[in-house]
Amino acid sequence: MRITTWNVNSVRLRLATLERIVRTLEPDVLCLQEIKVEDQLFPTDAVKALGFDHVLVHGQRNYHGVAILSKLPLDGHAQRNWCEVDHRRHQITHLPGGIELHNLYIPSGGDVPDRNVNPKFAHKLDFLAELATHWEAEAAADKRMIAVGDFNIAPLETDVWSHKQLLDVVSHTPIEVEALGRLQRSAGFVDAVRAVIPPEVKLYSWWSYRARDWSASDRGRRLDHVWVTPPLASAIRDASVLREARGWDKPSDHVPVTVDLDL
DNA sequence: ATGGTAGGTATCCTA
């Protein structure tokens, strides 16, 4: 099974790019974040025409929103809110074999990495903590689970273009990296991408729109992740980041991250 | 130290 996660940054504006990504990667399951559209206006017919018979949308107007497109049948559809904030950031379904799939858009956290002056940063940390507490309580490490999405944190030194220069930049601060670490430990998650591509190798999935030349400056961060619980760790076969998609017409600022599992 | 771009919406918010 091939699963891809991609922050699409407006699904309606990006349908041609979505089609090119599907033709290039041929994923069985494609998890989208930041669809920026409410459920009724999601282009369901267009994605079904790409071969995804099973479509689960958890959208909202203007901001956030997640969707799962699948060629495999999906069982159930749950949505979760964290921190009592009505943002559509988390949906859950089941893949064949009873595998629980989580599609996540973790809050970006604003500009100032101080929870006392920046409510968005506090929300990001609280979101991570509440989800970790939830997974710890249900002993999720024993379940067959996949968690994917835009986690908005680059945990490793090689996940950013400059570890030193980003230590005080939201997405790579020690407090965020620790919060993400607790979330990862909460269900014993294996970072499927780093299980394939060694942690020594620099690897990014996001480049700012603001760079004059994103590829030349290459100031990227690895914000998008695919994690699996221990019962699925031995199924990991391959992982890749479609860097070239950042250079296509009408790119998202994120590129797709793909993992192959032998289930 | 600063400002740079993009998307959706409404003339600003979020990333």
Side-chain angles (χ1 to χ4, degrees), chain A residues 5-21 31-43 46-47 57-67 81-83 85-90 103-115 117-128 148-155 159-162 164-173 176 179-180 204-225 242-257:
Chain A
T5 179
W6 183 39
N7 180 320
V8 62
N9 188 17
S10 174
V11 68
R12 288 178 294 178
L13 195 79
R14 212 82 60 202
L15 277 175
T17 317
L18 179 71
E19 180 176 1
R20 191 169 175 188
I21 279 167
C31 296
L32 301 175
Q33 303 86 35
E34 275 204 278
I35 60 175
K36 293 186 174 178
V37 66
E38 57 197 304
D39 295 5
Q40 308 91 286
L41 296 177
F42 186 87
V47 302
V57 181
H58 182 43
Q60 70 183 82
R61 176 185 153 98
N62 201 353
Y63 303 118
H64 323 307
V66 287
N81 269 337
W82 305 102
C83 312
V85 175
D86 185 23
H87 288 178
R88 309 296 169 88
R89 296 179 176 276
H90 186 183
N103 185 24
L104 281 160
Y105 176 49
I106 291 174
S108 177
D111 290 328
V112 182
D114 180 345
R115 69 176 305 141
V117 300
N118 175 9
K120 291 179 191 169
F121 195 70
H123 179 216
K124 182 178 198 175
L125 296 177
D126 293 344
F127 186 106
L128 291 159
V148 310
D150 176 3
F151 295 179
N152 266 314
I153 296 174
D159 290 339
V160 291
W161 64 276
S162 168
K164 273 190 177 176
Q165 287 177 259
L166 288 173
L167 271 173
D168 200 33
V169 173
V170 172
S171 71
H172 192 61
T173 64
E176 290 169 88
L180 188 70
Y204 316 135
S205 64
W206 173 90
W207 293 261
S208 172
Y209 282 127
R210 296 175 186 174
R212 288 183 193 89
D213 183 333
W214 72 273
S215 187
S217 56
D218 201 20
R219 296 188 168 188
R221 309 176 199 171
R222 188 173 72 105
L223 304 179
D224 303 276
H225 300 275
L242 191 65
R243 176 186 171 105
E244 66 187 66
R246 185 62 179 79
W248 293 352
D249 283 342
K250 301 281 297 174
S252 169
D253 44 354
H254 296 251
V255 298
V257 176

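Quick note: numbers below take in every heavy atom, side chains included, and nothing from hydrogens, waters or symmetry partners. Chain naming here is simple, since letters A, B, ... match the order of the sequence lines and numbering starts at 1 in each.
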Nearest heavy-atom neighbours spanning Leu128(A) and Ala179(A): CD1-CB, 3.7 Å
Rounded to whole Å, CZ of Arg212(A) lies from P of dT2(B) at a distance of 16 Å
Closest non-hydrogen contact found for Arg89(A) with Phe127(A) is CD-CE1, 3.9 Å
Indicate the atoms forming the closest heavy-atom contact of Leu242(A) with Val255(A), along with that distance. O-CB, 3.3 Å
Does a side-chain N or O from Arg61(A) land closer than 4.0 Å to OP1 or OP2 of dA10(B), or not? yes
Go nucleotide by nucleotide along DNA chain B from the 5' end; which of Leu13(A) and Asn7(A) gets its closest nucleotide reached first? Leu13(A)
Using a cut-off of less than 4.0 Å, is there contact between a side-chain N or O of Arg89(A) and OP1 or OP2 of dA15(B)? yes
Roughly how many Å is it from CH2 in Trp207(A) to C1' in dA15(B), rounded to a whole number? 17 Å
I need the CG-P distance between Asp253(A) and dT5(B), as an integer number of Å. 14 Å
Would you kindly give the CG-to-P distance between Asp150(A) and dA15(B), to the nearest whole Å? 10 Å
Tell me whether the side-chain N or O atoms of Arg14(A) pair up with the base of dA6(B) as donor and acceptor below 3.5 Å, since no angle test is needed here. no
Separation of Arg219(A) atom CZ from dG4(B) atom P, in whole Å? 16 Å
Between C1' of dC12(B) and OH of Tyr63(A), the distance in whole Å: 8 Å
Any side-chain donor near an acceptor of the partner, Glu176(A) and Ser171(A), under 3.5 Å: no
For atom CG of Asp224(A) and atom P of dA15(B), their distance in whole Å: 15 Å
How do Asn62(A) and Arg210(A) order along DNA chain B: which one's closest nucleotide is nearer the 5' end? Asn62(A)
Could you give the distance separating dA6(B) and dT2(B) at their P atoms, to the nearest angstrom? 23 Å
If I pick the P atom on dG3(B) and the same atom on dT9(B), what distance separates them, to the nearest angstrom? 28 Å
Candidate pair Arg246(A) and Asp218(A), rule salt bridge (Lys or Arg N to Asp or Glu O under 4.0 Å), full reasoning: CA-CA 11 Å; Arg246(A) 185 62 179 79; Asp218(A) 201 20; over 6 Å; no
dT14(B) to dA10(B) separation - P atoms, rounded to the nearest Å: 14 Å
For dG7(B), does either OP1 or OP2 sit under 4.0 Å from a side-chain N or O belonging to Lys250(A)? yes
Measuring only the C1' atom in each nucleotide, how far is dA1(B) from dC12(B)? A whole number of Å is fine. 25 Å
Can you tell me how far C1' of dT9(B) sits from NE2 of His64(A), to the nearest Å? 14 Å
